Amino acid sequence: MESPSMKKGGVYTYVGQWPIYSAAWSVRSDKRSRLAIGSFLEDYSNKVELVQFNLDTSDFTTDSRLIFDHPYAPTNLMFFPSEDTSNPDMIATSGDYLRLWEIHDDHIQLKALFNGNKSSEFNSAITSFDWADFDTRRVATSSVDTTCTIWDMEREALDTQLVAHDKQVFDISWGGFNVFASVSGDGSIRVFDLRDKERSTIIYENPVPETPLLRLEWNKADPRFMATVGMDSSKIVIVDIRFPTTPLMELCKHKGSVNAISWAPFTGRQLCSVGDDSRALIWEVVGSSFRSENGDMEPEMWYGSAAEINHTRWSPIELDWIAIVFLNKLQLLKV
């Protein structure tokens, strides 16, 4: 079905049926420009919808059979992180639990629900997760119960659970085989190595006392760098893991709280950030000399939307496409 869409030089808009909070790009080589969007409804019942963008005609198409109900608003979405079409077509979601769904031509069905606490009917909310493309068997989740959990997606079982922080864990990101990092209400970034589960390394602490770090993105293309954002902060902090505790740089040009960040694929030189100021800023972070007279980093590009932007995802395989979501709209930006 052709879907309501709007086009404006390099900006393509899909109008959804619900407010949109989360988004993900497909990685499969036969579904390169397919996205998933997750609703943000205050009801128990929320939705995840698959949307196909045609790169040649710049049109969106949807199929009502490829929408599924989701308990609570999904906090994150990720497709199976491989281009190989011999892999099953699957998408993972987080909310009250981590769930794995199988995508068919005419329906989507629940394949697995991951529950690390079999002794209780209650589960602590999953704030986010990351599915490693270099080890597609493993998904790492972060939770409000202070733990990080590694799940084995093939066995559909818990692999490892760590008490990671002193407070809720808000985001998690793989940095390499066996290595991941997380951010928390305790204001720290901690790096973990699954080969030595007793220890973690604090590589950055929020200088604002008692203030959580909410977002973390490890640069998969250049794992020397990670980006983080504090609660109610208009700054993105870039950390070079070789020089812990002191930020490499701070990106300060947003005029409202930053809600999401996403690194460019392949080279990992650029970062997109979005916020309550209704702007998406694209920064040349690695090897940049792009500074204003007062020494602040200036964004390389920026785009203004009609409302506060909730989320952004750089396409993992199409370097010049970025997705942002606000209100009930999914926008694709050609950069």
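Keep in mind the model is a prediction, meaning the values are calculated, not measured. The figures here come from the full heavy-atom set of this structure, side chains too, leaving out hydrogens, waters and symmetry mates. One-based numbering along the sequence shown.
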- Task: In sequence, state the C-alpha distance, the side-chain angles, and the governing distance for Lys167 and Glu210, and then conclude on side-chain contact (heavy atoms from CB on, under 4.5 Å).
- Result: CA-CA 11 Å; Lys167 293 185 177 175; Glu210 306 290 308; 3.9 Å; yes
- Message: Hydrophobic cluster membership, with links at side-chain heavy-atom distances under 4.5 Å among I/L/V/M/F/W/Y: are Tyr12 and Leu330 in one?
- Response: yes
- Message: Please determine whether side-chain hydrogen bond (donor to acceptor under 3.5 Å, both in side chains) holds for the pair Thr127 and Thr75, giving the CA-CA distance in whole Å, both sets of side-chain angles, and the decisive distance to 0.1 Å.
- Response: CA-CA 6 Å; Thr127 51; Thr75 53; over 6 Å; no
- Query: Under a single-linkage definition using a 4.5 Å side-chain heavy-atom cutoff for Ile, Leu, Val, Met, Phe, Trp and Tyr, are Ile108 and Val51 assigned to the same hydrophobic cluster?
  - Reply: no
- Applying the side chain to side chain contact (heavy atoms under 4.5 Å, CB included) test to Val15, which of Asn328, Leu327, Ile20 qualifies? Asn328
- Query: Sequence neighbours excluded, which residues qualify as side-chain hydrogen bond (donor to acceptor under 3.5 Å, both in side chains) partners of Asn206?
  - Reply: none
- Given the rule that I, L, V, M, F, W and Y join up when any side-chain heavy atoms are under 4.5 Å apart, are Met226 and Phe177 in one cluster? no
- May I have the step-by-step check of side-chain contact (heavy atoms from CB on, under 4.5 Å) for Trp321 and Lys334, ending in yes or no? CA-CA 5 Å; Trp321 287 97; Lys334 195 165 192 337; 3.6 Å; yes
- Query: Can you list the other members of the hydrophobic cluster that holds Phe40, where links are side-chain heavy atoms under 4.5 angstrom apart?
  - Reply: Tyr21
- Below 4.5 Å, heavy atoms only, C-beta onward: do Val285 and Phe225 meet side chain to side chain? no
- Query: Can you check salt bridge (Lys or Arg N to Asp or Glu O under 4.0 Å) on Glu102 and Lys111, steps first, answer last?
  - Reply: CA-CA 6 Å; Glu102 208 156 33; Lys111 185 174 188 299; 5.4 Å; no
- Leu213 reachable from Ile203 in the ILVMFWY side-chain graph, under 4.5 Å edges: yes
- Point-to-point distance, once rounded to the nearest 0.5 Å, from CG of Leu66 to NE2 of His107: 10.0 Å
- Query: Under a 4.5 Å cut-off applied to non-hydrogen side-chain atoms, are Asp276 and Asn259 in contact?
  - Reply: yes
- Message: Starting from Val274, can I reach Trp314 by hopping between I/L/V/M/F/W/Y residues whose side chains sit under 4.5 Å apart?
- Response: yes
- Full working for side-chain contact (heavy atoms from CB on, under 4.5 Å) between Gln17 and Ile67: CA-CA 11 Å; Gln17 302 170 59; Ile67 299 174; 4.0 Å; yes
- Output field: ring centroids Phe53/Trp25 closer than 6.0 Å: no
